> 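Shown below is the structure under consideration.
All of these numbers come straight from a predicted model, not from anything done at the bench. Every chain is numbered from 1, with letters handed out A, B, ... down the list of sequences. Note: hydrogens, waters and symmetry copies are ignored here, and every other heavy atom, side chains too, is used.
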Amino acid sequence: MGAHAAYVWSAYAAAGLILPVMALASLLRLRGALRRQAALEADLDAMRADGDG
Amino acid sequence: MAMKRKNQRMLFVAAGLSILAFAGVLAFFALGNNVRFFYSPGDLRKLSAPPSGDFHLGGLVAKGSVRRDNDMKLHFTITDGAASVPVIYDQAKYGLVPDLFAEGQGAVAEGELRPDGTFVAERVLAKHDEKYMPPEVAAALKRNGEWKRGQQPAEQAP
Amino acid sequence: MTVMSGWHRFANPTRFSRLSARILPWTLALTLVLFAAGLYLALVASPPDARQGETVRIMYLHVPAAWMALFVYVLLAVFSGMGYIWKHPLADIAAKNCAPIGAGFTLLALVTGSLWGAPMWGTWWEWGDARLTSFLILFFLYLGYIALWQVFEDPEKAARAAAILAMVGLINIPVIHFSVQWWHTLHQPASVFRAGGPTIDSSMLWPLFVMLGAFKAYFVTVLLWRIRAEVAERRVRALQMMQAEA
């Protein structure tokens, strides 16, 4: 049994690499996009307030 | 106008998918027997001449057929119920067979058919069937004599 | 969004972002809980196999990954069809963001399958096998789909071209599923979704289903993150244009 343990651990290592990397990349992308969107919206609001005033 | 274009696109998708399905069915029948990983002994018997050169021979390792020579030569018979072919495999030269290789289980041998009807293998792969069970369940089935019976249908796919 | 009627109402990007923000914490929690339970069941609580021994544990990754690879592709093609017919940007975005996740599942299924095949079959890969080859084609379909999106500058054109590829590639799905029945393959036949019921002992079937649940919850979570990200990115681009004009 022990002879094949390396294959089992390698498979779980592959999953432990692929799935979290994909999730983390997607989450960071979302964070960045939401931050940029909020900053831009704040800018536009400020511009609009200046225009009104 | 927009409605009409949408319907057009819908029709296009439906037509495309049906043509694709039709092409798939045609391709399936055209490819048919060429998409085989191995010939079973029964397939070989149906051929007018066995494939020339190296090919894959697959089926069940016949019960009681495995014999090991002193010089590490492994003898066994591949069967599919319809026919069987004796196989020789030189473990000293080509390496040990996989752990899963066993009598009554599936195997695929790669090599050449000699004129005397013996298959000389250079490589032996083990096949696994669709059954997964813990050792206790396997032991219980074996005790009840269901192990052997349950083993057969899996390998007799067309 | 101009007209909001029928299902289009639910596909409104703002509404979608609000709704997804509300359910995401739950799907994320579900993913973590199911993976914790699934890994415990797969690595500790499930028995070794009578023939494969401990190597059977690879199955708890390989089978869910392979199922998800097929499921995500079908979903991608359905979204593509909806985007193609109704020209709805959110459907295009959903299809586009299915692809990297599906490609990840496909890669995982290929790698874990290879790691199982080496000790069990005695080979990492066999080119002549219909199941292995058709599954590799699935991986290339995902890559081709992703690449096609990059080719076009205009997202609408890209969506249309990619959607056509996605729908044509659909033909590969039944080929993958039935390959083990239609042809002689090294790969074993189906064990779970087959006529006559599963041929996996229940002590192994439950861990498998929990892992499948974990993969499903993971997919929903990551897909929602990606769609929200792309919706926000498109909004950023629109705002930047507004700013440039002002």
> Give me the contact list for residues 124-140 of chain C versus chain B, heavy atoms only, anything under 4.5 Å, ordered by residue number.
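The stretch touches chain B at C:E126, C:G128, C:D129, C:A130.
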
> Has the side chain of B:K127 got a donor or acceptor atom that lies under 3.5 Å from a matching backbone atom of C:T185?
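Checking the backbone N and O of C:T185 against the side chain of B:K127, a donor-acceptor pair under 3.5 Å is found.
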
> Test: salt bridge (Lys or Arg N to Asp or Glu O under 4.0 Å). Region: residues 64-81 of chain C. Which pairs qualify, not counting sequence neighbours?
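Counting only pairs at least two positions apart or across chains, no salt bridge (Lys or Arg N to Asp or Glu O under 4.0 Å) contact touches residues 64-81 of chain C.
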
> With a 4.5 angstrom heavy-atom cut-off, is it the side chain or the backbone of B:L17 that approaches chain C, or both, or neither?
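Only the side chain of B:L17 comes within 4.5 Å of chain C.
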
> Given that the side chain runs from C-beta out, which part of C:S203 has a heavy atom under 4.5 Å from chain B: side chain, backbone, both or neither?
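Interface part for C:S203: side chain.
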
> Taking all non-hydrogen atoms of both residues into account, name the closest pair between B:P134 and C:M204 and its distance.
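Residues B:P134 and C:M204, closest heavy atoms: N-CE, 3.7 Å.
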
> I'd like a table of donor-acceptor pairs (distance under 3.5 Å, sequence neighbours excluded) in which one partner is a side-chain atom from residues 68-84 of chain C, with atom names and distances.
residue: C:Y73; atom: OH; partner: C:A166; partner atom: O; Å: 2.7
residue: C:S80; atom: OG; partner: C:L76; partner atom: O; Å: 2.8

> Tell me whether C:W206 at atom CH2 has more than 12 heavy atoms from other residues, nucleotides or ligands lying less than 6.0 Å away.
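Not buried by this count: 12 neighbours or fewer within 6.0 Å.
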
> Would you give the length of the straight line joining atom NZ of B:K131 to atom CG of C:D201, rounded to the nearest 0.5 angstrom?
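Rounded to the nearest 0.5 Å, the NZ-CG separation comes out at 13.0 Å.
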
> To the closest 0.5 Å, what do you measure between CE (C:M120) and CG (B:L125)?
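One gets 13.0 Å once the value is rounded to the nearest 0.5 Å.
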
> So, for B:A138 and C:A50, which heavy atoms are closest and what is the spacing to 0.1 Å?
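Nearest pair, atom of B:A138 first, then C:A50: CB-CB, 3.4 Å.
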
> Can you establish whether the number of heavy atoms outside C:Y40 located under 6.0 Å from its atom OH is more than 12?
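Not buried by this count: 12 neighbours or fewer within 6.0 Å.
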
> Going through the checks in order, is the side-chain contact (heavy atoms from CB on, under 4.5 Å) test met by B:H56 and C:H184?
CA-CA 11 Å; B:H56 290 135; C:H184 288 332; over 6 Å; no

> Quick check for you: to the nearest 0.5 Å, what is the distance between B:D129 atom CG and C:T199 atom OG1?
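Rounded to the nearest 0.5 Å, the CG-OG1 separation comes out at 7.5 Å.
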
> For the interface with chain B, which of C:N172, C:I171, C:V56 has the highest count of heavy-atom pairs at distances below 4.5 Å?
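The residue among C:N172, C:I171, C:V56 with the greatest pair count is C:I171.
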
> Is a side-chain N or O of C:R51 found less than 3.5 angstrom from the main chain of B:H128, in a donor-acceptor match?
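Flag not set: sc C:R51 to bb B:H128 has no pair under 3.5 Å.
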
> Please list every donor-acceptor pair under 3.5 Å in which a side-chain atom of residues 187-195 of chain C meets a protein atom from a residue at least two apart or in another chain.
residue: C:Q188; atom: NE2; partner: B:Y132; partner atom: OH; Å: 3.0
residue: C:S191; atom: OG; partner: B:E130; partner atom: O; Å: 2.8
residue: C:R194; atom: NH1; partner: C:G197; partner atom: O; Å: 2.7

> Under a 4.5 Å cutoff for heavy-atom pairs, which residue among C:V175, C:L205, C:I200 has the most contacts with chain B?
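Option with the greatest count: C:I200.
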
> Let's test your reading of the structure: which of B:I19, B:L96, B:D43, B:V124 forms the most heavy-atom pairs below 4.5 Å with chain C?
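With the most close heavy-atom pairs to chain C, the winner is B:D43.
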
